[in-house]
Amino acid sequence: MDSAAVPAFTLMVDCNNFYVSCERVFDATLARRPVVVLSNNDGCVIARSNEAKALEIEIGDPVFKRKDFFARHGVRILSSNYALYGDMSARVMQVLARFSPDVERYSIDEAFLLFPARPPDELRTLAEDIRRTVLRWTGIPACVGVARTKTLAKIANRLAKKTPASGGVWLLDDPADIAARLAQVAVDDVWGIGRRYAAFLRGRGIATALQLARQPRDWVRRHLTIGGLHTVMELGGEPCIPFEENPPPARSLLCSRSFGERVADLGSLEEALSTHVQRAAEKLRQKGLRAGAVQAFLETSRFRPEEYFAHSGCQALAAPTAYTPELHAAALRILRAIYRPGHAYQRIGVLLLDLVPEGARQLTFWDLDVEQPRHKALMQALDKVNATYGRGTLVFAAAGLGPKAWHMRQERRSNRYTTRWAELPVAH
DNA sequence: TCTGGGGTCCTAGGACCC
DNA sequence: TCTGGGGTCCTAGGACCC
(Lines give C-alpha, C1' and ligand atoms only; values in the text may rest on other atoms or scores of the structure.)
Protein backbone atom coordinates (compact mmCIF):
# COMPACT_ATOMS: atom_id res chain seq x y z
CA MET A 1 0.00 0.00 0.00
CA ASP A 2 1.42 3.35 -0.97
CA SER A 3 0.07 5.53 1.77
CA ALA A 4 1.95 8.64 0.69
CA ALA A 5 0.33 8.65 -2.72
CA VAL A 6 -3.12 7.57 -1.59
CA PRO A 7 -3.93 9.00 1.80
CA ALA A 8 -6.73 6.98 3.30
CA PHE A 9 -8.56 6.50 6.53
CA THR A 10 -9.41 3.31 8.31
CA LEU A 11 -12.66 3.06 10.21
CA MET A 12 -12.63 0.37 12.86
CA VAL A 13 -16.11 -0.84 13.76
CA ASP A 14 -16.32 -2.94 16.90
CA CYS A 15 -19.63 -4.13 18.32
CA ASN A 16 -20.17 -3.49 22.00
CA ASN A 17 -20.32 -6.57 24.23
CA PHE A 18 -21.27 -8.45 21.10
CA TYR A 19 -22.54 -11.76 22.46
CA VAL A 20 -24.55 -10.07 25.17
CA SER A 21 -25.92 -7.56 22.67
CA CYS A 22 -27.06 -10.41 20.39
CA GLU A 23 -28.91 -12.03 23.26
CA ARG A 24 -30.53 -8.74 24.20
CA VAL A 25 -31.93 -8.23 20.72
CA PHE A 26 -34.17 -11.24 21.31
CA ASP A 27 -34.79 -11.02 25.04
CA ALA A 28 -35.88 -7.69 26.44
CA THR A 29 -35.59 -8.92 30.02
CA LEU A 30 -31.81 -8.83 29.64
CA ALA A 31 -31.74 -5.06 29.25
CA ARG A 32 -30.10 -2.87 31.91
CA ARG A 33 -28.96 -5.70 34.10
CA PRO A 34 -25.75 -7.66 34.49
CA VAL A 35 -25.51 -10.41 31.89
CA VAL A 36 -22.67 -12.81 31.18
CA VAL A 37 -22.20 -15.32 28.37
CA LEU A 38 -20.22 -18.45 29.14
CA SER A 39 -17.64 -20.36 27.17
CA ASN A 40 -18.35 -23.73 25.69
CA ASN A 41 -18.88 -26.20 28.48
CA ASP A 42 -20.26 -23.39 30.64
CA GLY A 43 -16.77 -23.08 32.06
CA CYS A 44 -15.95 -19.42 32.29
CA VAL A 45 -17.11 -15.96 31.34
CA ILE A 46 -16.37 -14.84 27.78
CA ALA A 47 -18.68 -11.83 27.41
CA ARG A 48 -20.15 -9.30 29.80
CA SER A 49 -22.68 -6.52 29.69
CA ASN A 50 -21.56 -3.12 30.97
CA GLU A 51 -23.44 -3.81 34.18
CA ALA A 52 -21.45 -7.03 34.60
CA LYS A 53 -18.22 -5.16 33.92
CA ALA A 54 -19.21 -2.65 36.59
CA LEU A 55 -19.41 -5.56 39.04
CA GLU A 56 -15.79 -6.31 38.14
CA ILE A 57 -16.60 -9.64 36.58
CA GLU A 58 -13.65 -10.46 34.32
CA ILE A 59 -13.28 -12.36 31.08
CA GLY A 60 -12.08 -15.84 31.99
CA ASP A 61 -13.60 -15.86 35.46
CA PRO A 62 -14.48 -19.50 36.19
CA VAL A 63 -18.18 -19.82 36.85
CA PHE A 64 -17.81 -22.23 39.74
CA LYS A 65 -15.83 -19.66 41.70
CA ARG A 66 -18.36 -16.89 41.21
CA LYS A 67 -21.69 -18.71 41.50
CA ASP A 68 -22.66 -17.12 44.79
CA PHE A 69 -21.54 -13.72 43.63
CA PHE A 70 -23.63 -14.01 40.47
CA ALA A 71 -26.69 -15.07 42.45
CA ARG A 72 -26.24 -12.23 44.94
CA HIS A 73 -26.10 -9.63 42.21
CA GLY A 74 -28.84 -11.04 40.02
CA VAL A 75 -26.48 -11.75 37.14
CA ARG A 76 -28.17 -13.44 34.21
CA ILE A 77 -26.03 -16.31 32.97
CA LEU A 78 -26.20 -17.65 29.41
CA SER A 79 -24.44 -20.47 27.58
CA SER A 80 -22.90 -19.37 24.31
CA ASN A 81 -25.03 -19.62 21.19
CA TYR A 82 -22.71 -19.36 18.22
CA ALA A 83 -25.38 -20.05 15.63
CA LEU A 84 -27.08 -16.85 16.77
CA TYR A 85 -23.90 -14.78 17.01
CA GLY A 86 -22.68 -15.89 13.61
CA ASP A 87 -25.94 -14.92 12.00
CA MET A 88 -26.09 -11.53 13.72
CA SER A 89 -22.50 -10.94 12.66
CA ALA A 90 -23.45 -11.52 9.03
CA ARG A 91 -26.21 -8.94 9.34
CA VAL A 92 -23.85 -6.35 10.77
CA MET A 93 -21.36 -6.99 7.97
CA GLN A 94 -24.09 -6.59 5.37
CA VAL A 95 -24.90 -3.16 6.75
CA LEU A 96 -21.24 -2.16 6.67
CA ALA A 97 -20.92 -3.25 3.07
CA ARG A 98 -23.42 -0.57 2.12
CA PHE A 99 -21.01 2.11 3.24
CA SER A 100 -17.83 0.98 1.54
CA PRO A 101 -16.75 -1.56 -1.04
CA ASP A 102 -13.65 -2.05 1.07
CA VAL A 103 -14.68 -3.99 4.15
CA GLU A 104 -12.38 -6.35 5.97
CA ARG A 105 -14.22 -8.65 8.34
CA TYR A 106 -11.64 -8.98 11.05
CA SER A 107 -13.54 -11.07 13.58
CA ILE A 108 -17.06 -12.04 14.44
CA ASP A 109 -17.74 -8.57 15.83
CA GLU A 110 -15.16 -6.31 14.20
CA ALA A 111 -14.46 -4.90 10.78
CA PHE A 112 -12.13 -2.41 9.14
CA LEU A 113 -13.48 -0.09 6.45
CA LEU A 114 -11.23 1.85 4.12
CA PHE A 115 -12.11 5.35 2.86
CA PRO A 116 -10.27 7.89 0.77
CA ALA A 117 -9.08 10.92 2.70
CA ARG A 118 -11.67 13.56 3.50
CA PRO A 119 -12.05 16.38 6.03
CA PRO A 120 -12.36 15.45 9.72
CA ASP A 121 -15.94 16.70 9.98
CA GLU A 122 -17.05 14.48 7.16
CA LEU A 123 -15.26 11.49 8.62
CA ARG A 124 -16.95 12.00 11.92
CA THR A 125 -20.36 12.35 10.30
CA LEU A 126 -19.75 9.22 8.29
CA ALA A 127 -18.71 7.25 11.36
CA GLU A 128 -21.79 8.42 13.24
CA ASP A 129 -23.98 7.42 10.35
CA ILE A 130 -22.48 3.93 10.27
CA ARG A 131 -22.95 3.50 13.97
CA ARG A 132 -26.54 4.66 13.88
CA THR A 133 -27.44 2.47 10.92
CA VAL A 134 -25.93 -0.68 12.41
CA LEU A 135 -27.87 -0.08 15.60
CA ARG A 136 -31.14 0.65 13.82
CA TRP A 137 -30.99 -2.24 11.39
CA THR A 138 -29.54 -4.97 13.57
CA GLY A 139 -30.14 -3.82 17.14
CA ILE A 140 -26.43 -4.14 17.86
CA PRO A 141 -24.61 -1.16 19.39
CA ALA A 142 -21.11 -0.52 18.07
CA CYS A 143 -18.30 2.00 18.33
CA VAL A 144 -16.25 3.43 15.49
CA GLY A 145 -12.62 4.50 15.64
CA VAL A 146 -11.09 6.47 12.78
CA ALA A 147 -7.39 6.96 12.01
CA ARG A 148 -4.79 6.57 9.28
CA THR A 149 -3.59 3.14 10.35
CA LYS A 150 -5.31 0.05 11.65
CA THR A 151 -3.42 0.14 14.92
CA LEU A 152 -4.39 3.77 15.58
CA ALA A 153 -7.98 3.06 14.50
CA LYS A 154 -8.09 0.29 17.09
CA ILE A 155 -6.93 2.74 19.73
CA ALA A 156 -9.45 5.31 18.55
CA ASN A 157 -12.16 2.68 18.87
CA ARG A 158 -11.07 1.95 22.39
CA LEU A 159 -11.20 5.65 23.24
CA ALA A 160 -14.72 5.80 21.83
CA LYS A 161 -15.76 2.85 24.01
CA LYS A 162 -14.19 4.23 27.17
CA THR A 163 -15.53 7.75 26.76
CA PRO A 164 -19.32 7.94 27.06
CA ALA A 165 -19.30 11.56 25.91
CA SER A 166 -17.78 10.47 22.58
CA GLY A 167 -21.10 9.25 21.28
CA GLY A 168 -19.40 6.06 20.20
CA VAL A 169 -17.12 7.69 17.63
CA TRP A 170 -13.50 8.79 17.92
CA LEU A 171 -11.22 10.36 15.37
CA LEU A 172 -7.43 10.34 15.76
CA ASP A 173 -5.75 12.54 13.19
CA ASP A 174 -3.84 15.52 14.55
CA PRO A 175 -0.28 14.41 15.45
CA ALA A 176 -0.08 16.40 18.68
CA ASP A 177 -3.44 15.05 19.77
CA ILE A 178 -2.37 11.50 18.90
CA ALA A 179 0.75 11.83 21.04
CA ALA A 180 -1.26 13.15 23.96
CA ARG A 181 -3.70 10.23 23.69
CA LEU A 182 -1.04 7.60 23.25
CA ALA A 183 0.56 8.84 26.46
CA GLN A 184 -2.64 7.78 28.24
CA VAL A 185 -2.91 4.34 26.67
CA ALA A 186 -1.24 1.50 28.55
CA VAL A 187 1.21 -0.46 26.44
CA ASP A 188 -0.81 -3.61 27.26
CA ASP A 189 -3.77 -2.13 25.40
CA VAL A 190 -1.98 -1.74 22.10
CA TRP A 191 -3.12 -4.12 19.34
CA GLY A 192 -0.27 -6.59 18.83
CA ILE A 193 1.15 -6.30 22.33
CA GLY A 194 0.07 -9.29 24.41
CA ARG A 195 0.78 -10.28 27.97
CA ARG A 196 4.33 -11.42 27.43
CA TYR A 197 5.48 -8.44 25.45
CA ALA A 198 3.72 -6.06 27.82
CA ALA A 199 5.56 -7.54 30.80
CA PHE A 200 8.82 -7.41 28.88
CA LEU A 201 8.29 -3.77 27.95
CA ARG A 202 7.22 -2.72 31.41
CA GLY A 203 10.32 -4.35 32.80
CA ARG A 204 12.26 -1.88 30.68
CA GLY A 205 10.26 1.14 31.75
CA ILE A 206 8.05 1.24 28.68
CA ALA A 207 4.54 1.53 30.04
CA THR A 208 2.57 3.60 27.54
CA ALA A 209 1.79 3.42 23.85
CA LEU A 210 3.66 6.69 23.35
CA GLN A 211 6.83 5.33 24.94
CA LEU A 212 6.58 2.26 22.74
CA ALA A 213 6.09 4.40 19.63
CA ARG A 214 9.35 6.22 20.42
CA GLN A 215 11.62 3.21 20.83
CA PRO A 216 14.42 2.73 18.32
CA ARG A 217 13.20 0.53 15.51
CA ASP A 218 16.13 -1.86 15.45
CA TRP A 219 15.65 -2.51 19.14
CA VAL A 220 11.95 -3.21 18.58
CA ARG A 221 12.73 -5.44 15.63
CA ARG A 222 15.21 -7.43 17.68
CA HIS A 223 13.03 -7.98 20.74
CA LEU A 224 9.48 -7.92 19.37
CA THR A 225 10.17 -9.39 15.92
CA ILE A 226 8.77 -8.06 12.69
CA GLY A 227 5.21 -7.88 14.00
CA GLY A 228 6.25 -5.59 16.84
CA LEU A 229 8.04 -3.36 14.39
CA HIS A 230 4.89 -3.02 12.31
CA THR A 231 2.94 -2.09 15.42
CA VAL A 232 5.42 0.64 16.28
CA MET A 233 5.39 2.02 12.75
CA GLU A 234 1.61 2.09 12.73
CA LEU A 235 1.56 3.95 16.04
CA GLY A 236 3.68 6.51 14.22
CA GLY A 237 1.05 6.84 11.51
CA GLU A 238 2.73 4.72 8.83
CA PRO A 239 0.30 2.12 7.52
CA CYS A 240 2.02 -1.23 7.15
CA ILE A 241 -0.51 -3.81 8.21
CA PRO A 242 -2.29 -4.51 4.94
CA PHE A 243 -5.98 -4.12 4.45
CA GLU A 244 -7.30 -7.59 3.56
CA GLU A 245 -10.54 -7.35 1.78
CA ASN A 246 -10.42 -10.93 0.56
CA PRO A 247 -8.91 -12.98 3.31
CA PRO A 248 -6.64 -15.73 2.04
CA PRO A 249 -8.12 -19.23 2.28
CA ALA A 250 -7.76 -20.97 5.60
CA ARG A 251 -4.52 -22.87 6.14
CA SER A 252 -5.74 -25.06 8.96
CA LEU A 253 -8.96 -26.02 10.64
CA LEU A 254 -9.36 -27.17 14.21
CA CYS A 255 -12.20 -28.84 16.10
CA SER A 256 -11.85 -29.63 19.75
CA ARG A 257 -13.79 -29.53 22.98
CA SER A 258 -13.24 -29.92 26.64
CA PHE A 259 -15.12 -32.80 28.19
CA GLY A 260 -18.06 -32.29 30.52
CA GLU A 261 -16.33 -34.79 32.81
CA ARG A 262 -12.80 -36.09 32.73
CA VAL A 263 -12.29 -39.09 30.49
CA ALA A 264 -9.72 -41.85 30.82
CA ASP A 265 -10.81 -44.72 28.58
CA LEU A 266 -9.85 -45.08 24.97
CA GLY A 267 -13.40 -45.90 23.86
CA SER A 268 -14.83 -42.58 25.02
CA LEU A 269 -11.87 -40.71 23.57
CA GLU A 270 -12.48 -42.37 20.24
CA GLU A 271 -16.14 -41.37 20.28
CA ALA A 272 -15.30 -37.78 21.12
CA LEU A 273 -12.57 -37.54 18.53
CA SER A 274 -14.86 -39.09 15.98
CA THR A 275 -17.45 -36.39 16.66
CA HIS A 276 -14.85 -33.67 16.16
CA VAL A 277 -13.58 -35.20 12.94
CA GLN A 278 -17.08 -35.20 11.53
CA ARG A 279 -17.55 -31.53 12.34
CA ALA A 280 -14.12 -30.68 10.98
CA ALA A 281 -14.79 -32.54 7.74
CA GLU A 282 -18.10 -30.79 7.33
CA LYS A 283 -16.49 -27.38 7.81
CA LEU A 284 -13.77 -28.37 5.40
CA ARG A 285 -16.29 -29.17 2.67
CA GLN A 286 -18.24 -26.02 3.39
CA LYS A 287 -15.14 -24.01 2.66
CA GLY A 288 -14.47 -25.97 -0.50
CA LEU A 289 -11.16 -27.30 0.81
CA ARG A 290 -9.35 -30.57 1.25
CA ALA A 291 -6.85 -31.53 3.89
CA GLY A 292 -3.43 -32.94 3.16
CA ALA A 293 -2.66 -33.94 6.72
CA VAL A 294 -4.39 -34.73 9.98
CA GLN A 295 -3.21 -34.02 13.48
CA ALA A 296 -4.90 -35.34 16.61
CA PHE A 297 -4.11 -34.27 20.13
CA LEU A 298 -5.27 -34.90 23.66
CA GLU A 299 -4.42 -33.35 26.99
CA THR A 300 -5.24 -33.36 30.66
CA SER A 301 -6.23 -30.21 32.54
CA ARG A 302 -3.71 -27.39 32.38
CA PHE A 303 -4.91 -26.32 35.78
CA ARG A 304 -3.16 -29.28 37.35
CA PRO A 305 0.39 -28.71 36.19
CA GLU A 306 1.76 -31.54 38.34
CA GLU A 307 -0.28 -34.10 36.42
CA TYR A 308 -0.35 -32.36 33.08
CA PHE A 309 0.04 -34.67 30.13
CA ALA A 310 -0.39 -33.80 26.48
CA HIS A 311 0.40 -35.69 23.37
CA SER A 312 -0.23 -35.27 19.68
CA GLY A 313 0.56 -36.94 16.41
CA CYS A 314 0.36 -36.04 12.77
CA GLN A 315 -0.18 -38.02 9.63
CA ALA A 316 0.10 -36.96 6.01
CA LEU A 317 -2.58 -38.29 3.69
CA ALA A 318 -1.82 -39.96 0.40
CA ALA A 319 -3.74 -37.20 -1.35
CA PRO A 320 -5.71 -34.20 -0.06
CA THR A 321 -9.23 -35.26 0.83
CA ALA A 322 -12.48 -34.09 2.36
CA TYR A 323 -13.90 -37.58 2.67
CA THR A 324 -14.92 -38.09 6.28
CA PRO A 325 -14.09 -41.81 6.59
CA GLU A 326 -10.56 -41.21 5.41
CA LEU A 327 -9.94 -38.33 7.79
CA HIS A 328 -11.59 -40.35 10.47
CA ALA A 329 -9.37 -43.37 9.96
CA ALA A 330 -6.25 -41.24 10.09
CA ALA A 331 -7.34 -39.47 13.27
CA LEU A 332 -8.17 -42.71 15.04
CA ARG A 333 -4.86 -44.27 14.02
CA ILE A 334 -3.08 -41.31 15.55
CA LEU A 335 -5.16 -41.46 18.71
CA ARG A 336 -4.38 -45.13 19.24
CA ALA A 337 -0.70 -44.36 18.84
CA ILE A 338 -0.59 -41.42 21.25
CA TYR A 339 -3.06 -42.67 23.86
CA ARG A 340 -1.61 -43.47 27.27
CA PRO A 341 -3.84 -45.05 29.91
CA GLY A 342 -3.91 -43.71 33.42
CA HIS A 343 -4.61 -40.05 32.68
CA ALA A 344 -7.81 -38.08 33.30
CA TYR A 345 -8.13 -36.35 29.97
CA GLN A 346 -9.82 -33.00 29.74
CA ARG A 347 -9.76 -32.26 26.07
CA ILE A 348 -9.29 -33.84 22.69
CA GLY A 349 -9.28 -32.46 19.20
CA VAL A 350 -8.37 -32.75 15.56
CA LEU A 351 -6.46 -30.30 13.39
CA LEU A 352 -6.69 -30.48 9.61
CA LEU A 353 -3.57 -29.16 7.88
CA ASP A 354 -2.13 -28.45 4.46
CA LEU A 355 -5.50 -27.31 3.20
CA VAL A 356 -5.89 -26.89 -0.54
CA PRO A 357 -8.82 -25.70 -2.65
CA GLU A 358 -11.00 -28.44 -4.06
CA GLY A 359 -9.96 -27.74 -7.63
CA ALA A 360 -6.25 -27.76 -6.97
CA ARG A 361 -5.97 -31.46 -6.30
CA GLN A 362 -3.02 -33.25 -7.76
CA LEU A 363 -3.24 -36.74 -9.02
CA THR A 364 -1.14 -39.17 -7.12
CA PHE A 365 1.28 -41.31 -8.98
CA TRP A 366 -0.80 -44.41 -8.47
CA ASP A 367 -4.01 -42.64 -9.18
CA LEU A 368 -5.54 -44.79 -6.47
CA ASP A 369 -6.35 -42.21 -3.88
CA VAL A 370 -8.01 -39.76 -6.14
CA GLU A 371 -11.38 -39.01 -4.75
CA GLN A 372 -14.05 -41.20 -6.16
CA PRO A 373 -17.28 -39.66 -7.40
CA ARG A 374 -19.24 -41.94 -5.11
CA HIS A 375 -17.42 -40.55 -2.11
CA LYS A 376 -18.19 -37.03 -3.12
CA ALA A 377 -21.85 -37.79 -3.70
CA LEU A 378 -22.08 -39.49 -0.33
CA MET A 379 -20.58 -36.50 1.47
CA GLN A 380 -22.91 -34.12 -0.36
CA ALA A 381 -25.91 -36.16 0.67
CA LEU A 382 -24.68 -36.30 4.25
CA ASP A 383 -24.16 -32.55 4.45
CA LYS A 384 -27.51 -31.86 2.90
CA VAL A 385 -29.39 -34.00 5.39
CA ASN A 386 -27.58 -32.43 8.31
CA ALA A 387 -28.12 -28.93 6.98
CA THR A 388 -31.82 -29.55 6.54
CA TYR A 389 -32.66 -31.50 9.66
CA GLY A 390 -30.00 -30.24 12.04
CA ARG A 391 -26.45 -31.17 12.82
CA GLY A 392 -26.21 -34.66 14.20
CA THR A 393 -29.15 -36.08 12.28
CA LEU A 394 -26.80 -38.32 10.35
CA VAL A 395 -23.65 -39.32 12.16
CA PHE A 396 -21.09 -42.05 11.84
CA ALA A 397 -21.72 -44.70 14.42
CA ALA A 398 -18.16 -44.35 15.68
CA ALA A 399 -19.20 -41.13 17.37
CA GLY A 400 -21.43 -43.11 19.67
CA LEU A 401 -25.13 -42.73 20.10
CA GLY A 402 -26.98 -41.14 22.95
CA PRO A 403 -25.81 -38.88 25.75
CA LYS A 404 -22.29 -39.36 27.00
CA ALA A 405 -20.43 -38.14 30.04
CA TRP A 406 -17.89 -36.43 27.81
CA HIS A 407 -20.43 -34.23 26.05
CA MET A 408 -19.98 -30.62 26.94
CA ARG A 409 -22.28 -28.88 29.29
CA GLN A 410 -24.49 -26.19 27.86
CA GLU A 411 -27.34 -25.66 30.20
CA ARG A 412 -28.36 -22.10 29.64
CA ARG A 413 -28.33 -21.64 25.91
CA SER A 414 -30.89 -19.28 24.40
CA ASN A 415 -32.93 -20.27 21.37
CA ARG A 416 -31.32 -20.12 17.97
CA TYR A 417 -33.74 -17.37 17.09
CA THR A 418 -32.41 -16.52 13.67
CA THR A 419 -31.48 -19.96 12.37
CA ARG A 420 -34.06 -22.01 14.16
CA TRP A 421 -35.22 -24.00 11.17
CA ALA A 422 -32.03 -26.01 11.12
CA GLU A 423 -32.23 -26.56 14.85
CA LEU A 424 -35.73 -27.89 15.26
CA PRO A 425 -35.78 -31.14 17.16
CA VAL A 426 -36.12 -34.06 14.84
CA ALA A 427 -38.39 -36.99 15.48
CA HIS A 428 -36.31 -40.12 15.09
C1' DT B 1 -15.80 -31.51 42.08
C1' DC B 2 -16.24 -27.39 38.49
C1' DT B 3 -11.23 -22.93 34.33
C1' DG B 4 -13.04 -22.01 25.75
C1' DG B 5 -12.17 -22.64 21.16
C1' DG B 6 -10.17 -21.39 16.80
C1' DG B 7 -6.92 -19.15 14.27
C1' DT B 8 -2.19 -16.71 12.26
C1' DC B 9 2.60 -15.53 11.97
C1' DC B 10 7.54 -15.58 13.26
C1' DT B 11 11.90 -17.57 14.66
C1' DA B 12 15.42 -20.80 15.86
C1' DG B 13 17.53 -24.83 14.97
C1' DG B 14 18.27 -29.21 12.75
C1' DA B 15 18.48 -31.92 8.49
C1' DC B 16 19.98 -32.01 4.18
C1' DC B 17 22.16 -30.60 -0.04
C1' DC B 18 25.73 -28.70 -3.00
C1' DT C 1 48.37 -29.11 12.31
C1' DC C 2 43.91 -28.95 11.50
C1' DT C 3 38.14 -29.22 9.98
C1' DG C 4 33.78 -24.10 4.51
C1' DG C 5 29.97 -21.90 3.74
C1' DG C 6 25.64 -21.08 2.22
C1' DG C 7 20.96 -22.19 0.82
C1' DT C 8 16.43 -24.41 1.62
C1' DC C 9 13.04 -26.94 3.92
C1' DC C 10 10.75 -28.52 7.91
C1' DT C 11 9.20 -28.47 12.62
C1' DA C 12 8.42 -27.11 17.34
C1' DG C 13 7.50 -23.62 20.16
C1' DG C 14 6.18 -19.18 21.31
C1' DA C 15 4.09 -14.96 20.46
C1' DC C 16 -0.16 -12.66 19.04
C1' DC C 17 -5.38 -12.06 17.82
C1' DC C 18 -10.60 -12.61 18.73
Side-chain angles (χ1 to χ4, degrees), chain A residues 12-15 17-19 36-47 57-68 70 77 79-82 85-86 89 104-112 150-151 154 157-158 187-201 220-231 241-242 244 247-262 276 279-280 283-284 287 292-293 295 297 299-305 308 310-314 316 344 346-355 405 408-411:
Chain A
M12 206 288 141
V13 182
D14 189 341
C15 301
N17 315 330
F18 183 60
Y19 295 170
V36 296
V37 175
L38 307 183
S39 60
N40 273 320
N41 228 21
D42 292 348
C44 60
V45 173
I46 56 167
I57 298 168
E58 301 298 331
I59 295 282
D61 277 1
V63 176
F64 73 90
K65 282 189 184 169
R66 305 294 301 260
K67 268 225 159 96
D68 295 342
F70 289 170
I77 306 170
S79 299
S80 42
N81 183 348
Y82 289 103
Y85 311 149
S89 172
E104 176 186 338
R105 181 186 201 264
Y106 176 66
S107 74
I108 193 164
D109 67 337
E110 292 171 67
F112 293 103
K150 284 181 159 181
T151 305
K154 274 278 214 183
N157 192 293
R158 186 186 169 76
V187 75
D188 316 54
D189 294 329
V190 174
W191 189 44
I193 303 299
R195 270 215 306 279
R196 305 304 282 265
Y197 283 172
F200 169 81
L201 291 167
V220 173
R221 173 72 179 79
R222 192 159 62 247
H223 291 101
L224 271 51
T225 79
I226 191 77
L229 178 60
H230 288 159
T231 297
I241 300 174
E244 309 231 32
R251 302 161 60 87
S252 65
L253 191 162
L254 185 146
C255 281
S256 75
R257 285 283 181 278
S258 292
F259 299 122
E261 291 169 19
R262 300 293 168 264
H276 302 330
R279 275 177 44 238
K283 283 201 232 172
L284 189 67
K287 293 166 185 265
Q295 187 179 329
F297 61 89
E299 65 178 354
T300 62
S301 173
R302 291 172 180 272
F303 294 91
R304 301 191 184 283
Y308 182 68
H311 206 5
S312 73
C314 190
Q346 199 235 346
R347 173 187 174 85
I348 193 165
V350 62
L351 179 65
L352 303 181
L353 297 156
D354 297 348
L355 306 189
M408 70 174 182
R409 292 185 297 268
Q410 216 185 21
E411 290 160 4

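Given the structure is predicted, the values throughout are model-derived calculations rather than measurements.
- Note on A:R195: every side-chain N or O is 4.0 Å or more away from OP1 and OP2 of C:dC16.
- Contact annotation: A:R257 reaches the phosphate of B:dG6 (side-chain N/O to OP1 or OP2, under 4.0 Å).
- Applying side chain to side chain donor-acceptor pair (under 3.5 Å) to A:S256 and the options A:E299, A:R347, A:R279 leaves one that passes, A:R347.
- Using a 4.0 Å heavy-atom distance criterion, A:R66 is classed as making no nucleic acid contact.
- Atom-to-atom, NE2 of A:H311 to P of C:dG13 comes out at 12 Å; the value is rounded to the nearest Å.
- At a threshold of 4.0 Å, the pair A:R105-A:E110 does not count as salt-bridged, since none of the basic side-chain nitrogens sits closer than that to a carboxylate oxygen.
- Classification of the A:Y19-A:Y85 ring pair by plane angle, with boundaries at 30° and 60°, yields parallel.
- At B:dG4, one or more side-chain N or O atoms of A:Q346 fall inside 4.0 Å of OP1 or OP2 (strictly under the cut-off).
- Across the strands present, C:dG5 finds its partner in B:dC18; the criterion is a Watson-Crick or G-U wobble pair with both atom distances under 3.5 angstrom.
- As a whole-Å value, the separation of A:H223 NE2 from C:dA15 C1' is 15 Å.
- In this structure, A:K65 reaches the bases: a heavy-atom distance under 4.0 Å links it to at least one base atom across the strands shown.
- Counting any heavy atom pair closer than 4.0 Å across all strands shown, A:R251 reaches sugar-phosphate atoms only and no base atom.
- The nearest whole Å value for the distance from the CG atom in A:D188 to the P atom in C:dC17 is 10 Å.
- Atom P of nucleotide B:dG6 and atom CD1 of A:I108 are separated by 13 Å, given to the nearest angstrom.
- Across all strands, A:V45 comes closer than 4.0 Å to no nucleic acid atom at all (heavy-atom distances).
- For A:L352 and B:dG6, the CG to C1' distance is 12 Å, given to the nearest whole Å.
- Residue A:S252 places at least one side-chain N or O closer than 4.0 Å to OP1 or OP2 of B:dT8.
- At the heavy-atom level, A:G227 lies nowhere under 4.0 Å from the strands shown.
- Neither OP1 nor OP2 of C:dC17 sits under 4.0 Å from any side-chain N or O of A:R196.
- When ring centroids are compared, A:F200 and A:H223 come within the 6.0 Å threshold.
- A close approach under 4.0 Å does not occur between any side-chain nitrogen or oxygen of A:S256 and OP1 or OP2 of B:dG4.
- Of the possible polar contacts, one joining the A:T231 side chain to the A:G227 backbone as a donor-acceptor pair under 3.5 Å is found.
- Open room surrounds CZ on A:R196; 12 or fewer heavy atoms of other groups in view lie less than 6.0 Å from it.
- Within 4.0 Å of A:D61, counting heavy atoms only, lies no atom of the nucleic acid at all.
- Using a 4.0 Å heavy-atom criterion, one finds that A:L38 contacts no nucleic acid atom at all.
- Between A:R105 and the phosphate of C:dC18, there is no side-chain N or O to OP1/OP2 separation shorter than 4.0 Å.
- Backbone-only contact: A:R304 has heavy atoms under 4.0 Å from sugar-phosphate atoms and none from a base.
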